J.: 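Got a structure here, written out as structure tokens. Questions coming.
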Amino acid sequence: MRRDAARKDDPDDDPSSLQGECLLEGRTLAEIVLAYHERTKHHPHRYAASRTMDWATQPDPFRRYAGAELVRLPLPELGRTLPYWQLYVPGSVRPMPLSIESLSIFFRYALSLTAWKRYRESTWSLRANPSSGNLHPTEGYAILPALDGLHAAPAIHHYAPKEHGLERRLELEPAVWSALMMEFPSGSFLVGLSSIHWREAWKYGERAFRYCQHDAGHALAAMRISAASLGWQLSLLSDAGDDEVCDLLGLDRGTEGESAEREHPDLLALVTPVRPEGSAGLPRGLPEDPLRAVAAGCWRGNANALSPAHRDEWPVIDEVARATHRIGESRTAEDFSPLPSEDELFVPLVRSGSFSAEKVILGRRSAVSMDATTSIEAATFYRMLARLVPTRDGRSMPWDTVPLKPRIHLGLFVHRVRGLPAGLYALVRDPGKVEALSSAMRREFIWTRPVTCPPALHLYLLAEGDCRALAVDVSCGQDIAGDGAFSLAMIADYTASIEAFGASFYRNIFWETGIAGQVLYLEAEEAGVRATGIGCYFDDPVHETFGLSRDWRSLYHFTVGGPVEDERLTTLSAYGPRSSAPAAWS
Ligand SMILES: Cc1cc2nc3c(=O)[nH]c(=O)nc-3n(C[C@H](O)[C@H](O)[C@H](O)COP(=O)(O)O)c2cc1C
């Protein structure tokens with residue numbers, strides 16, 4: 001098993017104190033992670049540790065760096081007609097040149113506000129990327145060349161969603177920029193994500209670390225999908241370690257004050273004009289010398305404190321964050337050849353659709369309740385599921401972002417899919433795992449393929465029957481799990497993945513669930529229905545439902561169906577006219 005290391009410059013985390021994989025009290029990093037997961041399970045009679053919300057310390061959803069110059073991005077005109085289905089057809093969108101306008105579209109479709117909602121005296125914003133509890137722990141960054149209208153020199157910027165602007169945190173010497181980007185195709189730039197664990201912990205207590213990772217996965221997918229709308233590629237720099245991410249995003253700079261909550265490094269990704277060969281062969285790491293120059297740079301701005309005080313701290317979150325700290329190292333490429341091709345998955349290929357990409361992306365919303373009547377066609381169901389399966393050429397969007405085979409499979413509760421019997425189903429996203437998953441599940445499951453299912457979509461009926469009440473029960477009693485057309489559990493090949501890739505890979509598995517969730521959200525919009533992520537589920541009852549052995553874990557749930565709108569809410573536009581945006585957090 002790989003050894004991960006704790007952060008090099010934190011006195012609490014002196015790596016020299018690690019014995020092999022040991023971090024604390026003789027426990028390996030993997031043991032710490034598995035113990036965290038175990039103790040943050042929700043049980044029907046005992047939820048993971050949290051306290052009642054203290055409204056006086058509700059975290060501000062908007063981080064700003066006072067003293068860093070903010071440049072507002074020009075709001076893109078609404079009404080781009082690019083069809084949604086085209087996002088998934090490699091090479092079909094002519095790459096836009098990088099400019100302040102195209103950059104603005106990139107952030108608008110990925111991380112911007114999409115609406116303000118008002119109910120009586122309360123106002124809150126919603127974004128292109130979803131977030132558990134709408135708490136938005138994820139912060140976005142861009143490392144950009146000199147750009148007309150933005151800045152005359154290369155620089156590192158923090159994205160400010162409320163203003164749809166970029167705060168310049170560090171100007172880069174042109175030589176440092178060139179050295180940083182030397183190995184990458186010309187016209188490329190970098191984006192990064194970090195998480196403020198406190199935002200989620202404020203509401204969800206110890207389970208919050210899981211939710212931060214889901215949200216990071218959603219945000220990564222939102223950026224990938226946005227890039228696709230511009231004809232750009234987005235590739236995770238999977239070899240970059242957390243210290244490098246931290247240095248490049250300046251996460252230790254401007255948050256030194258007592259009160260500003262720390263941002264934890266998540267990831268870096270490369271954005272390139274599309275390449276005919278996809279992301280194969282791109283470097284996945286960063287050179288060291290320019291990073292040293294960046295770390296020694298003159299950073300601008302001081303982070304705001306998000307809460308006036310922190311009543312509850314959760315040491316176990318800091319512990320799992322340390323145990324999953326990633327060191328930079330290259331991984332061997334995985335063999336994608338057993339995965340299906342696009343034309344084996346989609347029968348027929350999807351080359352038409354209902355909506356524009358913009359309508360789907362900016363219109364995405366979570367259903368707060370489902371109507372318990374809407375059904376969908378089996379063909380629609382198959383298409384949604386096929387979008388979740390990476391193809392063997394490694395070019396299926398958004399899975400082309402991550403150079404790894406799937407670790408997540410689905411256990412489905414099918415309620416209202418026309419042409420399919422209701423019941424429990426499994427979708428095995430990696431055909432090489434059918435046997436392993438079937439032997440990990442209940443022996444009585446029948447593992448029958450629906451006759452209408454495309455041959456390469458490994459969908460199996462496990463047991464026929466009405467599972468609406470069961471879906472609700474295991475989803476913390478949330479009716480949305482039974483009132484939709486289907487709901488599902490994302491089941492991870494958990495122990496084997498952590499053994500193969502180390503403790504830090506715990507975060508990657510959660511990101512994969514977030515990416516899958518983002519696809520489901522958009523596919524639901526395109527199909528005229530709606531989805532909702534479900535982070536609140538009872539872990540062990542789900543495992544019992546499918547009969548899963550300890551090596552497999554359900555990490556995230558989802559529901560898709562006909563939404564019921566909450567008519568009591570007023571919807572306001574996200575930015576226009578700009579000056580009239582509600583001053584909820586000003
Ligand atoms: C990781 C995650 C977990 C979530 N869990 C639940 C849940 O258990 N129940 C629920 O009703 N909504 C859940 N949601 C939906 C969020 O409440 C929703 O994304 C948020 O309020 C923002 O609204 P929007 O998705 O319409 O932008 C979850 C969303 C995410 C991303």
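Counting starts at 1 for both ligands and their atoms, in listed order. Source: prediction; values computed, not measured.
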J.: Does Arg127 make a cation-pi contact with Phe107 (under 6.0 Å, within 45 degrees of the axis)?
T.: no
J.: For His214, counting its heavy atoms only, list the atoms of ligand 1 lying under 4.0 Å from any of them.
T.: 1 (C)
J.: Closer than 4.0 Å to some heavy atom of Asp215 - which atoms of ligand 1 meet that?
T.: 1 (C), 31 (C)
J.: Using a strict 4.0 Å cut-off to heavy atoms of Gly535, name the atoms of ligand 1 that fall inside it.
T.: 3 (C), 4 (C), 5 (N), 6 (C), 7 (C), 8 (O)
J.: Identify, by atom number and element, the atoms of ligand 1 in contact range of Gln478, meaning under 4.0 Å from any of its heavy atoms.
T.: 7 (C), 8 (O), 9 (N), 10 (C), 11 (O)
J.: Closer than 3.5 angstrom, by distance alone: can the side chain of His164 be matched with the main-chain N or O of Leu113 as a donor-acceptor pair?
T.: no
J.: Return yes if a side-chain donor-acceptor contact under 3.5 Å exists between Lys117 and Thr571, otherwise no.
T.: yes
J.: Below 4.0 Å from any atom of ligand 1, is there a heavy atom belonging to Tyr521?
T.: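 Under 4.0 Å: yes for Tyr521.
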J.: Distance under 4.0 Å to a non-hydrogen atom of Arg364: what atoms of ligand 1 satisfy this?
T.: 24 (P), 25 (O), 27 (O)
J.: With a cut-off of 4.0 Å, which atoms of ligand 1 are near a heavy atom of Ile480?
T.: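 Numbered from 1, ligand 1 contributes 11 (O).
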J.: Nearest to atom 18 (C) of ligand 1 by heavy atom, Cys212, Ala219, Ser366: which?
T.: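 Considering heavy atoms of Cys212, Ala219, Ser366, the nearest to atom 18 (C) of ligand 1 sits in Ser366.
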J.: What I want to check is whether the side chains of Trp202 and Ser307 have a donor and an acceptor closer together than 3.5 Å.
T.: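 No, no side-chain donor-acceptor pair sits under 3.5 Å.
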J.: Answer yes or no: are there more than 12 heavy-atom neighbours, outside Arg416 itself, under 6.0 Å from its atom CZ?
T.: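 Correct, the count exceeds 12.
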J.: Among all protein heavy atoms in this structure, tell me which lies nearest to atom 23 (O) of ligand 1, with the distance rounded to 0.1 Å.
T.: Leu126 CD2, 3.6 Å
J.: Write out all pairs satisfying salt bridge (charged side-chain N to carboxylate O under 4.0 Å, His left out) with one or both partners inside residues 507-524, taking only residues at least two apart or from two chains.
T.: Asp242-Arg507, Arg383-Glu523, Arg387-Glu523, Arg429-Glu512
J.: With atom 2 (C) of ligand 1 as the reference point, say which of Phe510, Tyr556, Tyr211 has the nearest heavy atom.
T.: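 Nearest option to atom 2 (C) of ligand 1, by heavy atoms: Tyr556.
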J.: Can a side-chain donor-acceptor contact be found between His310 and Glu261 if the only test is distance below 3.5 angstrom?
T.: yes
J.: Any idea which atoms of ligand 1 are less than 4.0 Å away from a heavy-atom of Asn134?
T.: 20 (C), 21 (O), 22 (C)
J.: Scan Glu167, Glu139, Glu163, Glu263 and name whichever one has a salt bridge (Lys or Arg N to Asp or Glu O under 4.0 Å) with Arg63.
T.: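 Among Glu167, Glu139, Glu163, Glu263, the one meeting salt bridge (Lys or Arg N to Asp or Glu O under 4.0 Å) with Arg63 is Glu263.
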J.: Under 4.0 Å, heavy-atom basis, I'd like to know which part of Ser131 is in contact with ligand 1: side chain, backbone, both or neither.
T.: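 Ser131 to ligand 1: backbone contact only, side chain stays beyond 4.0 Å.
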J.: Under 4.0 Å from a heavy atom of His218: give me the atoms of ligand 1 that qualify, with their elements.
T.: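 Listed by number with element, the hits are 31 (C).
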J.: Are any of the N/O atoms on Cys536, whether in the backbone or the side chain, positioned under 3.5 angstrom from an N/O atom of ligand 1?
T.: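 Such a contact does occur with ligand 1.
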J.: Could you measure the distance from the CG atom of Leu520 to the OG1 atom of Thr532? Nearest 0.5 Å is fine.
T.: 11.0 Å
J.: Would you mind checking which non-hydrogen protein atom is closest to atom 28 (C) of ligand 1, with the distance to 0.1 Å?
T.: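 Answer for atom 28 (C) of ligand 1: Gly533 O, 3.3 Å.
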J.: Salt bridge (Lys or Arg N to Asp or Glu O under 4.0 Å) between Asp539 and Arg207: does it pass, once the steps are laid out?
T.: CA-CA 12 Å; Asp539 299 66; Arg207 199 166 159 109; 3.0 Å; yes
